[in-house]
Amino acid sequence: MKQKTLTNTMDYQELADVYEQLDKTTKNLEKRDIIADFLKRTPKSELANVILFLNGEIFPSVSEEVLGIADKMVLKALSKITGKNENAITNVWKEKGDLGLVAEQVVKKKTQTTLSQEKLTISYVMEILRAIARFEGENSTQKKTGSLAKLLSSAKPKEARYITRTALGDLRIGVGFGIIRDAIVKAFNVEKEHVQHAYDFRSDLSELVLLAKESGNKGLKNVDLKVGKPLRLMLYQKAQGISNGFTRVGAPAAIEYKYDGMRVQCHFKKGEVTLFTRRLDDVTKQFPDLVGALKEHVSCKECILEGEAVAYNSKTKEYVPFQILGKRIKRKHRIDEIAKKIPVVLYVFDMLYLEGKNLLLEPFKKRRAALERIVRKKAWQVELAKQVITGNEDKAQRFYNEALEKHQEGVMMKKLDAQYQPGSRVGFGVKVKPILEPLDLVITGAIWGEGKRGKWLSSYVLSCKKGDVLAEIGKMATGLSEEQFEEVTKRLEPLITKTSGKRVEVQPKLVVEVGYEEIQKSPTYSSGFALRFPRLIRFRDDKEEPDDLERIKRIYQDQKSLSQKQA
DNA sequence: CGTGTCTGCCC
DNA sequence: ATTCTGC
DNA sequence: GCAGAATGGGCAGACACG
């Protein structure tokens, strides 16, 4: 113990023990206490690493770097360690429902045959994982899996479990920012609201935890909104229809179109514009057209505003499906070319900062007014989100119908005097989307689950009828209670006709009613269509046959003709 | 050099 | 994105 | 009500492989 303090390092084993304790309890307060105790005894030099690791991260989320490892790469690494092929490892994976547990078993077996083991320190594990992230170019897959295999080989079984889960970006210990925040509060005797505040404006746990330890409340409070640094977005909960929406946000309320595009936070400073996504990634390079339009049509020196970027067809002036906008989001090459082909219009709806003044605590209607003052509307480039303010249900309903006719997702209903509240909170604003007519589809395959669904077939391949045969139209994995997962697994198991890896094919017996947001064209599924956000509505044991592809085509066409009515 | 696989990130 | 679950 | 877990389609980029 003394030596550790001297050298200012900490063994990864200690972290692995903490992970295991966290894994064992479902009680959030216990988790908080375990983490708080650990943070208190973590040397300052390891604190930044430890807090990231506790959150399952290798880089702070504000960093542009990513690890580039997921399940297939882990399989390769485990295959290297054991000398077994990936299929054999996959079979163990299927049984355990967790690659971390597979790695643990692999290392346990190996340890019996090897002797000396050096201790891994937290900073060493971090260093190796970050080095793995940085391999690129030819043979980088080899290098990545090789390094991971070596790291796992030098780990104790329990360490291997959590290193693997960290590499996969999924610790599965029931710890997220909420519990980490409360642990920081307890460990360093600071106020919850200040920790949350600092996180909302920086999203960097490493920076935050050091600040809490070194400067306490004062330091945390001083973290402020800074133009050019993205802040966490306000998120809206779902309401069941307009009437329910009014109940939730009060009447009158601001009602706006919910556009089907990409959320963008725009920062203006010294003539420069920076664009951030919902996850605070910088997409400025991807949208030079948007940057240009904003510079031209927004008059301010410094401001932060938010909007939804929607793709449209430049000739017909029709909105195009989200899939098309998707082509632009991760572009790195020929950006100008694609910008011409797939133009976007930004519908701005909120203003967070203007000329030195933080507007977050101002009521929404004032923020909107500020927005209206500085944005000069330019059709099909920068416009204000279409809005009405009303407390009248009929008027609101008509506005909602109009949004749907124009093929947008629905409406947002916003409390007029609500502040801008990062994250998701009750009472500030809601989204209202329609429930479309569901489809009856038959389960033709399934995939064994992970983690708490490890014992169940937990994702289901769905098919429709295409003449005399069946055609796949996607997968569904939500909308079921645990009881229903159990039941479906029991009913599907006897129907299995073929197994490959974690995937099975089953006789087409079980018909389910499936809800979704939209029917999309699919390059993946044999029906040529797929569902956006599929979920189980109910079982249709009264039915033996799924819907026909013709019905799906019809619904798809109806969607399209609706969208063509707009403009 | 074309195609398939994997990963991360939009929704 | 959606949905379910434990606290 | 909050936080966390587990899962959907599809896109571009990066790399492996033949």
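For clarity, every value in this text was computed on a predicted model and none was experimentally measured. Below, chain A is the first sequence line, B the second, and so on; all start at residue 1.
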(Q) Tell me the closest heavy-atom pair linking A:Q323 and A:K521, and the distance in Å. (A) NE2-O, 3.0 Å
Q. Going by an N to O cut-off under 4.0 Å, is there a salt bridge joining A:R334 and A:E337?
A. yes
Q) Is A:E517 salt-bridged to A:R532, going by a charged N under 4.0 Å from an acidic O? A) no
Q. Taking the six-membered ring for Trp, are A:Y347 and A:Y257 ring centroids under 6.0 Å apart?
A. no
Q: Provide the distance between the two P atoms, one in D:dA6 and one in B:dC10, to the nearest whole Å.
A: 22 Å
Q.
Whole angstroms only, please: what is the CZ-P distance between A:F287 and D:dA12?
A. 12 Å
Q | Out of D:dA6, D:dA12, D:dG8, whichever nucleotide has its closest atom nearest the side chain of A:K475 | A | D:dG8
Q. Heavy atoms under 4.0 Å, any strand shown: does A:R425 hit a base, just sugar-phosphate, or nothing?
A. sugar-phosphate
Q) Distance check: side-chain N/O of A:T141 vs OP1/OP2 of D:dA16, anything under 4.0 Å? A) yes
Q. Once you round it to whole Å, what is the distance between C1' of D:dG1 and CZ of A:F428?
A. 13 Å
(Q) OP1 or OP2 of D:dC11 versus the side-chain N and O atoms of A:H333: is any pair under 4.0 Å? (A) no
Q.
Is A:R535 close enough to C:dT3 that one of its side-chain N or O atoms is under 4.0 Å from OP1 or OP2 there?
A. yes
Q. Rounded to the nearest Å, what distance is computed from the CD1 atom of residue A:I335 to the P atom of nucleotide D:dC11?
A. 18 Å
Q: Would you mind reading off the distance between A:Q142 atom CD and D:dA14 atom C1', rounded to a whole angstrom?
A: 16 Å
Q: Specify the separation, in whole Å, of atom NZ of A:K238 and atom P of D:dC2.
A: 17 Å
Q: Could you verify whether a donor N or O on one side chain and an acceptor N or O on the other, from A:E95 and A:W448, lie under 3.5 Å apart?
A: no
Q) Taking protein heavy atoms under 4.0 Å as touching, what does nucleotides 3-11 of chain B look like 5' to 3' if B marks base contact, S marks sugar-phosphate-only contact and - marks none? A) ---SSBSBB
**Q.** Side-chain N or O of A:R453 closer than 4.0 Å to phosphate OP1/OP2 of D:dA6
**A.** no
Q: Measure across A:K406 and A:Y319 and return the closest heavy-atom pair with its distance rounded to 0.1 Å.
A: O-CD1, 3.7 Å
Q: Looking only at side-chain atoms of A:K332, point me to the closest of D:dC11, D:dA6, D:dG13.
A: D:dG13
(Q) Heavy-atom nearest nucleotide on DNA chain C for A:G479 versus A:N28: which residue maps closer to 5'? (A) A:G479
Q.
If I take atom CG in residue A:D170 and atom C1' in nucleotide D:dG4, what distance separates them, rounded to the nearest angstrom?
A. 11 Å
Q. If you measure from the Lys or Arg side-chain nitrogens to the Asp or Glu carboxylate oxygens, is any gap between A:K455 and A:E486 under 4.0 Å?
A. no
Q | Sub-4.5 Å side-chain heavy-atom contact between A:Q419 and A:F428 | A | yes
Q) Closer than 4.0 Å, any side-chain N/O of A:Y516 to the OP1 or OP2 of D:dG8? A) no
(Q) Within the 4.0 Å heavy-atom criterion, would you say A:L325 contacts the bases, only the backbone, or no part of the nucleic acid? (A) nothing
Q: Report yes if at least one side-chain N or O of A:S522 is closer than 4.0 Å to OP1 or OP2 of D:dG10; otherwise report no.
A: yes
Q.
Categorize A:K143 for me: base, sugar-phosphate, or nothing, with a 4.0 angstrom heavy-atom threshold over every strand shown.
A. nothing
Q | Nucleic acid contacts of residues 430-439 of chain A, taken as heavy-atom distances under 4.0 Å to DNA chain C | A | A:K431, A:K433
(Q) Using whole Å, what does the distance between atom P of nucleotide C:dT2 and atom OH of A:Y460 come to? (A) 21 Å
Q) Within this structure, what is the CD-to-P distance between A:E136 and D:dA16, rounded to whole angstrom? A) 12 Å
**Q.** Proximal nucleotide (of D:dG10, D:dA16, C:dC4) relative to the A:P523 side chain
**A.** D:dG10
Q. When you measure from the side chain of A:Q323, which nucleotide among C:dT2, D:dA16, D:dC11 comes out closest?
A. D:dC11
Q. Base, sugar-phosphate, or nothing for A:R32, non-hydrogen atoms under 4.0 angstrom?
A. nothing
Q: Give one of base, sugar-phosphate or nothing for A:L480, where a contact means two heavy atoms less than 4.0 Å apart.
A: sugar-phosphate
Q.
Under 4.0 Å, heavy atoms only, any strand: does A:G449 hit a base, just the sugar-phosphate, or nothing?
A. sugar-phosphate
Q: Select base, sugar-phosphate, or nothing to describe what A:L531 touches, counting heavy atoms under 4.0 Å on all strands.
A: sugar-phosphate
Q) Under 4.0 Å between a side-chain N/O of A:S458 and OP1 or OP2 of D:dT7, yes or no? A) yes
Q.
Does a side-chain N or O of A:T478 approach OP1 or OP2 of C:dC4 to a distance below 4.0 Å, or not?
A. no
Q: Measure across A:Q408 and A:D260 and return the closest heavy-atom pair with its distance rounded to 0.1 Å.
A: OE1-N, 2.7 Å
Q) Side-chain donor-acceptor pair under 3.5 Å between A:D200 and A:Q196, yes or no? A) yes
Q: Determine the contact category for A:L171: base if any of its heavy atoms lies under 4.0 Å from a base atom, sugar-phosphate if only primed atoms, P, OP1 or OP2 are that close, otherwise nothing.
A: nothing
Q: Check whether more than 12 heavy atoms from other residues, nucleotides or ligands sit under 6.0 Å from atom NZ of A:K466, and answer yes or no.
A: no
Q: Check whether any side-chain N or O of A:K31 sits under 3.5 Å from a backbone N or O of A:L22 as a donor-acceptor pair, and report yes or no.
A: yes
